[in-house]
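Below: one structure, written as structure tokens.
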2 protein chains.
Amino acid sequence: MYATALSSTRRVAGVPSIVSAPGFSRPQQISLFSAESGIYAQGERSGALYRIEFGAVRIYRLLADGRRQVVAFHLAGETFGFEANPSHSFFAEAMVRTGVRTLNHSTNDEAASELMALALRSMIRAQEHLLVVGRQSAVEKLAVFLVDMAERQGDLDHIDLPMTRIDIGDYLGMTIETVSRSFAKLRDEGIVRLLNARSVEIIKPGRLRRLSR
Amino acid sequence: MYATALSSTRRVAGVPSIVSAPGFSRPQQISLFSAESGIYAQGERSGALYRIEFGAVRIYRLLADGRRQVVAFHLAGETFGFEANPSHSFFAEAMVRTGVRTLNHSTNDEAASELMALALRSMIRAQEHLLVVGRQSAVEKLAVFLVDMAERQGDLDHIDLPMTRIDIGDYLGMTIETVSRSFAKLRDEGIVRLLNARSVEIIKPGRLRRLSR
DNA sequence: CGGTCCTTTGAATTTCCTCAAACAAAGTGG
DNA sequence: CCACTTTGTTTGAGGAAATTCAAAGGACCG
């Protein structure tokens, strides 16, 4: 009952509540999060890494007036935590029921190089994202998003979206109506088929990919 | 004669030429770059850090069709190099005559932690940038940019811009005309005074700051 | 002084957003 | 199992914001 309906255009006051899960800070243990529950605790020291065993997570920032920017989506098998700087009003939330393994923040070289690699990947991702948000049209943005999701889910023909249109809009910097209309354009051109709002079949991968650059 | 006139709306074919400066890869030595010359060499290994002794540098990415996104501006006294992933068609260029010190990529702990701190800062900056580009209006974007520049130059009343309107537009995700019109709005509201196109006096810092969030 | 590049401004157009309404899907309680 | 509510999605109409196209002025340089 809080951040679910949050979007840039439907603004809200205040920030979402933060929920800590049982066993959260015990390393090498899987923590469970129900859909729409928060993952970062407010006082959390930065540097902690999280590996998603199953489910999906969104990372976002808020403007004072409630406008939201989703910085990243993370899917099963992915590691995150580098984006999360609690001192800069970042939030991480499970989008669906999600299992997360908290990785030890040990000081050995191995962990350090892993952290560095993650930092580099996160940076590249953030900048690709910036390029998309800053420099592409609505349909191009959606195409980039769909191609990315398809690749990360390992199935180039079919995508299951764990997020709402609000999430997608706040990720791509546009309203939910524009997201929906962009879906409609891709559908009307025979590029994708919408089995339902969360399930997308890619009919013409080549055209989608061409749109996305 | 290459990347200067590059912008998202005035598209160009091809990529800018890369110029290597004398003494570039010798550590602890200052390399000089003339205005509009490239700093990263194409094959440059990542991980190298650069400290700007004087001048200013832009970091950017290109889309295939020539649209450009400026990812960051770096001013004198700042360290950069983390954003630069040569394998992802990133470019770094001096905007004005610039002196750069290449820092040793040593493997000791001190250097590693410095690199990590830089990574974190770059990430935070990138995400602030994403929030601005994705979620703010033209005037708000310009206000954020001006406040940021003023703080980084250590003078809250006056800004010297080392970059063109094209750079600003490609940094904020808008056209040069919109940048110019946004400047005009701030001027017409008595928030700033334009001594010339590159020199801005901030008359009402409070109003500018309020616009920027 | 002529040329080039940058900037500003205007007018027309396009894109996206806002507001509104209807529909669909999923959950709740009787 | 069915009304009822809530939440999410789609679509339309109108309006606002930014872009595109065009032109003119200004600064700098050879």
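Rounding to the nearest 0.5 Å places CD1 of B:Ile191 at 13.5 Å from CZ of B:Arg209. Atom CG of B:Leu120 is separated from atom CG of B:Leu118 by 9.5 Å, given to the nearest 0.5 angstrom.
Side-chain nitrogen and oxygen atoms of B:Thr164 include none within less than 4.0 Å of the OP1 or OP2 phosphate oxygen of C:dC6.
Test B:Arg68, B:Glu93, B:Glu83 against B:Tyr60 for side chain to side chain donor-acceptor pair (under 3.5 Å) and you get one pass: B:Glu93.
Of the listed nucleotides (C:dT8, D:dA18, D:dT9), D:dT9 has the atom at the smallest distance from the side chain of A:Arg165.
Here the side chain of B:Arg165 pairs a donor or acceptor atom with the backbone of B:Ala197 at under 3.5 angstrom. Checking side-chain atoms of B:Arg125 against main-chain N and O of B:Ala72 turns up no donor-acceptor pair under 3.5 Å. Looking only at distances, no side-chain donor or acceptor of B:Ser37 sits under 3.5 Å from a matching main-chain atom of B:Phe33.
DNA chain D lies under 4.0 Å from at least one heavy atom of each of the following residues of residues 178-192 of chain B: B:Thr178, B:Arg181. Applying a 4.0 Å cut-off to non-hydrogen atoms, the residues of residues 197-204 of chain A that approach DNA chain D are A:Ala197, A:Arg198, listed by residue number.
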Protein-nucleotides 25-30 of chain D N/O pairs closer than 3.5 Å?
none

Set out, line by line, the N/O atom pairs under 3.5 Å between protein and nucleotides 12-14 of chain C.
none

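Partners of B:Ser199 under the side-chain hydrogen bond (donor to acceptor under 3.5 Å, both in side chains) rule, at least two apart in sequence or in another chain, are B:His158.
Side-chain atoms of B:Tyr171 and B:Gln69 include no donor-acceptor pair closer than 3.5 Å. Side-chain N/O atoms of A:His129 and B:Gln127 include no donor and acceptor closer than 3.5 Å.
Within the helix from C:dC1-D:dG30 to C:dG30-D:dC1, the inter-axis angle between the opening and closing five-pair segments is 40°, rounded to 10°.
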